[in-house]
Amino acid sequence: MNLRVLPAAARRPASRDHSGFPDEALLALVAREDEEALAALYDRYSRVAYGLALRVVRDPALAEDAVQEAFLAVWRSAAGFRSDRAKPSTWILTLVHRRAVDVVRREERRRAVPLETTEQLDAYGLATDEEIELTDRRRLVQEALRQLPDEQREALELAYYAGLTQSELAERLSVPLGTIKSRMFTGLRRLRDILAEAGLDEPLAEL
Amino acid sequence: MEQELIHDLAAAYALDALDESERREFEEHLASCEQCSEELVGLGDAAAALAYVAEGPAPPAALRERLLDRVHEDRAPNVVPLRRRFALPAVASFAVVAAAAAIVLGVWAAGLSSSLDRKDAIARVLGDPTATSVSLGQSSRVSIGKDGQAVLVSRLSTAPPGKTYEVWVIPARGSAKPAGLFRVGRSASPMLLSRTVPEGAQLGISIERRGGAPHPTNILFVSSSA
């Protein structure tokens with residue numbers, strides 16, 4: 001089999017060429033306007049990103065918008081990414097979450113939707129080989145969440161998945177704002193420590 | 001807001017649970033508070049981990065297409081296009097590599113020093129928007145900064161036992177000069193080439209006996225001029 005050195009620009013962005021690159025390298029390439037690198041990052045994180053956005057906005061079309069806007073933000077601001085301030089995966093998922101929350105806060109209808117916690121939303125089975133790692137990771141975070149006191153877990157889940165502000169959350173749960181703040185703060189710190197102990201600090205498979 | 005109270009907003013900020021004015025206020029504070037910036041690194045990771053629990057269906061394929069179309073349109077018009085690269089047949093058969101471990105792995109940079117200087121140089125080249133990018137086959141890519149410093153990122157399969165990959169800088173006139181050895185590993189660390197790449201030079205990757213060779217004996221990939 002003869003391999004030819006193909007000009008990258010002649011190909012439709014496809015992540016195959018970049019799929020083994022570490023997140024940092026992909027982001028550095030994205031900062032140089034490498035479309036294939038962006039495609040590779042999308043392929044690595046779009047499943048999680050879309051799941052997250054859908055969970056927050058509860059509408060497929062709005063979820064797609066949030067994911068698209070977030071990855072466009074990755075594309076446009078990759079040069080400003082600071083590796084001493086965040087892991088690439090955290091940075092990307094933070095952008096996705098921020099967009100989803102911004103979308104849902106513009107939508108009044110979420111206020112009528114009952115709040116749910118993770119225990120009630122567990123319907124999507126993941127089966128294919130490439131998704132096993134995601135499933136493992138999901139299980140690890142779920143186990144970590146279970147180790148938190150109920151009030152702290154509830155505060156984290158409702159803040160993160162329902163896109164509520166701390167004031168809205170206090171109102172919805174009929175507890176003082178200061179209580180919500182301290183539940184979120186104590187809960188997130190504890191979650192951080194549990195996850196660090198469990199070793200959840202590797203990026204998704206770079207295969 | 002009192003200082004201890006605003007520090008406490010780091011978690012709410014990481015969870016996006018602040019309203020717009022609270023968010024702005026915290027970001028102003030963050031710019032000057034090293035303590036919060038540091039705390040936010042770990043809190044941000046913990047908040048982002050919650051994303052994995054929100055698993056849902058796969059996104060529609062059309063979303064990927066739409067995004068990549070937008071990205072393509074979005075490319076700044078004033079960016080200097082990369083020089084056109086030529087298709088060159090590889091000199092050697094890919095079978096040598098294919099016969100090695102079937103798993104696709106990243107670069108393990110042999111002897112890669114962990115010195116900060118080298119890491120800095122790698123970060124500088126990979127972060128340089130004006131750097132040139134050169135493909136070496138479909139699995140490797142070299143970024144060349146303005147000063148000629150070059151970084152290889154490769155996901156070639158592991159070199160067979162007793163063998164190593166060797167990178168070459170091939171000047172427009174003169175013979176190929178060795179620029180570094182690598183086998184491969186999952187970490188896919190970017191490797192700083194031990195030699196700068198002058199304008200008009202080509203790059204090559206060969207497979208050699210472990211320890212490398214003074215001249216390439218079994219070239220796998222050659223780039224066009226850098």
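We name chains A, B, ... by the order of the sequence lines, and we start the count at 1 in each one.
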Nearest 0.5 angstrom please: [X] [atom1] to [Y] [atom2], how far?
{"X": "B/Arg64", "Y": "A/Asp43", "atom1": "CZ", "atom2": "CG", "value": "4.0 Å"}
{"X": "B/Glu22", "Y": "A/Gln166", "atom1": "CD", "atom2": "CD", "value": "4.5 Å"}
{"X": "B/Leu15", "Y": "A/Tyr160", "atom1": "CG", "atom2": "OH", "value": "8.0 Å"}
{"X": "A/Leu72", "Y": "B/Arg66", "atom1": "CG", "atom2": "CZ", "value": "10.5 Å"}
{"X": "B/Tyr52", "Y": "A/Thr135", "atom1": "OH", "atom2": "OG1", "value": "12.5 Å"}
{"X": "A/Lys181", "Y": "B/Leu9", "atom1": "NZ", "atom2": "CG", "value": "5.0 Å"}

Check: B/Pro60 main-chain N/O paired with A/Tyr50 side-chain donor or acceptor under 3.5 Å: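 Looks like no, no N/O pair under 3.5 Å.
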Short side-chain to backbone donor-acceptor contact, A/Arg137 and B/Val53, under 3.5 Å: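 Not at all, since once roles are kept as given, no pair shorter than 3.5 Å links the two residues.
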With B/Arg70 via side chain to side chain donor-acceptor pair (under 3.5 Å) - residues at least two apart: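 Residues passing side chain to side chain donor-acceptor pair (under 3.5 Å) with B/Arg70: none at all.
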Engaged part of [X] at the chain B interface, taking heavy atoms whose separation is under 4.5 Å:
{"X": "A/Arg139", "value": "neither"}
{"X": "A/Val96", "value": "neither"}
{"X": "A/Ala159", "value": "both"}
{"X": "A/Leu93", "value": "side chain"}
{"X": "A/Tyr42", "value": "side chain"}
{"X": "A/Asp34", "value": "side chain"}

Salt bridge (charged side-chain N to carboxylate O under 4.0 Å, His left out) evaluation trace for A/Asp102 with B/Arg23: CA-CA 12 Å; A/Asp102 287 348; B/Arg23 192 192 277 177; 3.4 Å; yes
Heavy-atom check, side chain of B/Leu67 versus side chain of A/Leu38, under 4.5 Å: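 They are in side-chain contact.
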Residue among B/Ala46, B/Pro59, B/Gly42 with most heavy-atom pairs under 4.5 Å to chain A: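 Between B/Ala46, B/Pro59, B/Gly42, the count favours B/Pro59.
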Run the side-chain donor-acceptor check on residues 183-191 of chain A: report pairs under 3.5 Å with partners two or more places apart or on a different chain.
residue  : atom : partner  : partner atom : Å
A/Thr186 : OG1  : A/Ser182 : O            : 2.6
A/Arg189 : NE   : B/Glu39  : OE2          : 2.9
A/Arg189 : NH2  : B/Glu39  : OE1          : 2.8
A/Arg189 : NH2  : B/Glu39  : OE2          : 3.3

Contact summary for A/Tyr161 and B/Leu50, nearest pair of heavy atoms: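 Heavy-atom minimum between the residues: OH-O, 2.7 Å.
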Atom of A/Leu52, atom of B/Ala51 and distance for their closest heavy-atom approach: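 Looking at all heavy atoms of both residues, the shortest contact is CD2-CB, 3.7 Å.
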Salt bridge (charged side-chain N to carboxylate O under 4.0 Å, His left out) assessment of B/Glu34 paired with A/Arg85: CA-CA 11 Å; B/Glu34 194 53 31; A/Arg85 284 293 177 239; 3.2 Å; yes
No-hydrogen, no-angle side-chain donor-acceptor test under 3.5 Å, A/Arg32 and B/Thr130: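 Their side chains do not contain a donor-acceptor pair, so the 3.5 Å distance test is not met.
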Residues A/Thr165 and B/Asp19: side-chain donor-acceptor under 3.5 angstrom: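 Short answer, no.
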Stepwise side chain to side chain contact (heavy atoms under 4.5 Å, CB included) check, A/Lys87 with B/Asp45: CA-CA 8 Å; A/Lys87 293 189 301 194; B/Asp45 287 345; 3.4 Å; yes
Heavy-atom pair count under 4.5 Å with chain B, highest-scoring of A/Ala31, A/Ala155, A/Ser46: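 Between A/Ala31, A/Ala155, A/Ser46, the count favours A/Ser46.
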Residues, nucleotides or ligands: over 12 heavy atoms within 6.0 Å of B/Glu27 CD: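 More than 12 within 6.0 Å, yes.
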